[in-house]
Amino acid sequence: MIKVLLVDDEQFIRQGLRQLVDWGKYGCQIVAEAENGMEAIHILEETDIDLAFVDIRMPGMTGMELISYVQRNLHQQIRFVILTGYAEFEYARKALQMNVLDYMLKPVQEQELIDILKKVNQDCQRQQQEQREKFDFHVSMVMAGKYSEENLKQVRMHLSEEGLERYVSFEFDKNQKEFAALDRGGRMEQQKELVQYLKGLVGGHVYHVIPLIETEEGFFGAGLILSRTLYEKDYPSDEEYLEYLQKRVEQHFPSLVQVYAGQKAETFEQLCQSFFSIRVARCLHGLAQEEAQVRNYEDFRHRKSSMGIREGDVERLLEAVKENRVPDIEASSEQIFARIRSSDMNMEMVNASIYHILYRLMEMVREFDDETNQQEILEYIGKESFNKMVLAGSTEEITGFFADYAGYLAQVRTQESRKILDRVDAYVRENYMEKMSLKSLGELFYVNNVYLGQLYKKKYGTSFRDYLNNLRMAKAEELLLGTNLRIYAIAEKVGFGKAEYFINKFVQMHNMTPNQYRIRNRRAESGPGQGE
């Protein structure tokens, strides 16, 4: 709510303002009144005020003197509206030079007051959104462990380290049918809705809820920076509080939402360890097939350091990969993961076992005489991409990695596959406006999608996604200059879909909106003195 202060030496004016409109209807609440400037200053020093209605003439200190004092000494972002009589009209106009929001003539008219409250409400919402976006950026840097002192400073402006416990991830199950059927835009909408819903559940602690930052890795949902202040009045433990949140979310969303709680974090600097431990909990939950509602890292990290997988199981898997026998790959993988589940391995042993398989996969590269192919294959199974695959946390995804790798090897072996790019590229240039991805193109042209991505990277020096976006952007630029189509129509016509996404991409590339680009370039074409 927008907190309002009324400052006027006449009580009937203040009372009239209170009764004139339903303040709550416009997101406002009158929290204090003052009958002179000094009383108002005392209130402003003790209370957070967003909006103040100030009489311009009061005994002892005028409204302008009050505003000037506050702006010089209190350094608060307070919006001022001046109340004045007709005789002081010009006097009030000068006050507007002090960045006063508006002035109102007495007696105040209902519609005029409503218009001002709507204006303030919209301005506050816009400002809050900007603050939230800045905060989300700073906290995401802290989570990723790439933070600066400025990032930590900005986080501390909105959150306290007192009572800090851990990072918690609320994630849509990307393998569930309903959620898997959504495109990226639909998944982002679901993420946005989940973030807003959790903010409603945590009450006034909205800065504790942030969007999930792993969307590029295929995870969508919301993060919660858990602190005792969120639950200690109503719940005896964080576990019961998280189960409460999980149940409420489960009732609200048709898609399954999984909850992972990271390791303890007592400082903001430790939040990145808590964030990355979520991946460990995710992986061990997937491998162990635990059924707990809230998957807690602390429950997994004390597992035993038991023996790893059998070499015979690894050999059978590698042979199936080498010969691209997908059913055998799936059977061998299931046998390996069944042994992991039954052995109660901890994360260190799981990593050691899987990285042993990784090493053996790398050894297979020696069979390729072409040095370029060897480098490409090593990049494919490089530590970073494989690590993301492992820490995604399900046996299906890791098995899928082995199967994809087998298909990839078969594709690289085939010289004929290297001629495929021209055909794919011709199709992309003709159908760029349609929904497409490396996966859909791979299925259409019977080529491994990772290998196809490498072909694009090698020829054009960029990823397929950037290549496609650049192609669409070039077509959009032609339509901006050559037609009078509206922006949303151009966005749809070239394949960007939603106008907001297109505009954001355009601004990133050109540092101006599509409409500004159209106006500036058409003026440039008309030449000096023409087309004005």
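All figures in this text were calculated on a predicted structure; none of them were measured in a lab. Numbers here simply count residues along the sequence, with the first being 1.
For the salt bridge (Lys or Arg N to Asp or Glu O under 4.0 Å) test, no residue two or more places apart in sequence or in another chain qualifies with R472. E214 is linked by a salt bridge (Lys or Arg N to Asp or Glu O under 4.0 Å) to R279, R282, counting only residues two or more places apart in sequence or in another chain. Residues meeting the salt bridge (Lys or Arg N to Asp or Glu O under 4.0 Å) test with R325, sequence neighbours left out: E323, D328. With sequence neighbours left out, the salt bridge (Lys or Arg N to Asp or Glu O under 4.0 Å) criterion links E110 to no other residue.
The distance from the CE atom of M473 to the CZ atom of F496 is 4.0 Å, given to the nearest 0.5 Å. Remark: L230 CG to L224 CG distance equals 6.0 Å, nearest 0.5 Å.
Residues Q516 and H510 have side chains that never bring a donor and an acceptor to within less than 3.5 angstrom of each other. For Q127 and Q77, the side-chain atoms include at least one donor-acceptor pair closer than 3.5 Å. At a cut-off of 3.5 Å, with distance as the only test, a side-chain donor of N121 or Q125 sits close to an acceptor on the other residue. A donor-acceptor contact closer than 3.5 angstrom is absent between the side chains of Q508 and N504. A donor-acceptor contact under 3.5 angstrom links the side chains of E133 and Q129, judged on distance only. Using modelled atom types, one finds a donor on one side chain and an acceptor on the other under 3.5 Å when comparing D425 with Y456.
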Per-pair distances, 0.1 Å, donor-acceptor, side chain in residues 201-211, under 3.5 Å, sequence neighbours excluded:
unit_1: H208; atom_1: ND1; unit_2: I225; atom_2: O; d: 2.7

Show, in sequence, the C-alpha distance, side-chain angles and deciding distance for D466 and K505, and conclude whether the salt bridge (charged side-chain N to carboxylate O under 4.0 Å, His left out) test is met.
CA-CA 11 Å; D466 288 341; K505 283 290 183 183; 5.5 Å; no
M143 vs S274, side-chain contact (heavy atoms from CB on, under 4.5 Å): CA-CA, chis, key distance, verdict:
CA-CA 8 Å; M143 291 297 176; S274 188; over 6 Å; no
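Ring geometry for F506 against Y517 counts as perpendicular: the plane angle is over 60°, on a 0 to 90° scale with 30° as the lower cut.
Within the structure, the salt bridge (Lys or Arg N to Asp or Glu O under 4.0 Å) test picks out the following pairs touching residues 135-158 (sequence neighbours left out): R132-D136, R156-E161, R156-E269.
Salt-bridge check for D123 with R126: passed, with a basic side-chain N closer than 4.0 Å to an acidic carboxylate O.
Less than 6.0 angstrom separates the ring centroid of F172 from the ring centroid of F179. The aromatic ring centroids of Y427 and F445 lie less than 6.0 Å from each other.
With contacts defined as side-chain heavy-atom distances shorter than 4.5 Å, the pair Q263/I278 does not qualify.
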